[in-house]
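Some notes on the structure that comes next.
All figures in this text were calculated on a predicted structure; none of them were measured in a lab.
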Amino acid sequence: TAGNFAKSLAVVQSNLPSVTDPTKATGFDQIQLLVYGACSDLTTGTTPLMQSKYGVTSNGTIASNQSALIAAGMQMLDQYTAGIASASTATAAIQTALTTLVTQIASDSANTSKIAFMSVCIAANTAGSSLLGF
């Protein structure tokens, strides 16, 4: 109801799909803007939710936060899949994909843990909301 997500929603709300038939729906391209807004909200404040909920510290290195970053991505995907992301035959593949993403982000020394968290958050939530059709 507040923050970047609320601002983004106010701007794109009229462009979101309003029908359940995917062949007639338009506006799915707006989902990434909403995901970005929501993920950025998790990185703000004195003790951001990326730290208090997901255990990713903004002053830590990406390497020191790698386990927490991967766990955060799994937890986010689990919200869309009723826990299947972390308890299925696809679990290893999902963890590998998140590990590869975090490793690639860490390879650029200019990137921070906040950037890595944003990347994981955007990837997990875009996949959950777009690819799974919710």
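The backbone N or O of Val56 sits nowhere less than 3.5 Å from a side-chain atom of Asn65 that would complete a donor-acceptor pair. Asn125 places no side-chain N or O within donor-acceptor distance of the main-chain N or O of Met76, the cut-off being under 3.5 Å.
The CG atom of Leu69 lies 8.5 Å from the OG atom of Ser64; values are rounded to the nearest 0.5 Å. For the atom pair NZ (Lys7) and CG (Asp41), the distance works out to 8.5 Å, reported to the nearest 0.5 Å. Annotation: the span from Asn111 atom CG to Met118 atom CE amounts to 12.5 Å, rounded to 0.5 Å. Remark: Ser88 OG to Asp78 CG distance equals 8.5 Å, nearest 0.5 Å. Between the OG1 atom of Thr44 and the CE atom of Met50 there is a distance of 10.5 Å, given to the nearest 0.5 Å. Atom OG of residue Ser40 and atom NZ of residue Lys114 lie 10.0 Å apart, to the nearest 0.5 angstrom.
Between Ile62 and Ser113, the shortest heavy-atom distance links the atoms N-OG, 3.4 Å. A pairwise comparison of heavy atoms in Pro48 and Gly45 identifies CD-O, 3.6 Å as the closest pair. Among all heavy-atom pairs drawn from Cys121 and Leu42, the shortest one is SG-CD1, 4.0 Å. Minimum interatomic distance between Tyr80 and Ser129 (heavy atoms only, all atoms of both residues): CE2-N, 3.6 Å. Contact record, Ser8 with Leu33: OG-O, 3.9 Å, taken as the closest heavy-atom pair. Taking every heavy atom of both residues into account, Ala123 and Leu101 meet most closely at CB-CD2, 3.9 Å.
Using modelled atom types and a 3.5 Å distance limit, the side chains of Tyr36 and Asn4 yield no donor-acceptor pair.
Cluster membership check: Ile84 does not share its hydrophobic cluster with Leu77, using side-chain heavy-atom separations under 4.5 Å among Ile, Leu, Val, Met, Phe, Trp and Tyr.
A side chain to side chain contact (heavy atoms under 4.5 Å, CB included) with Thr100 is found for one member of Thr96, Thr103, Leu98, Val102 and no other, namely Thr96.
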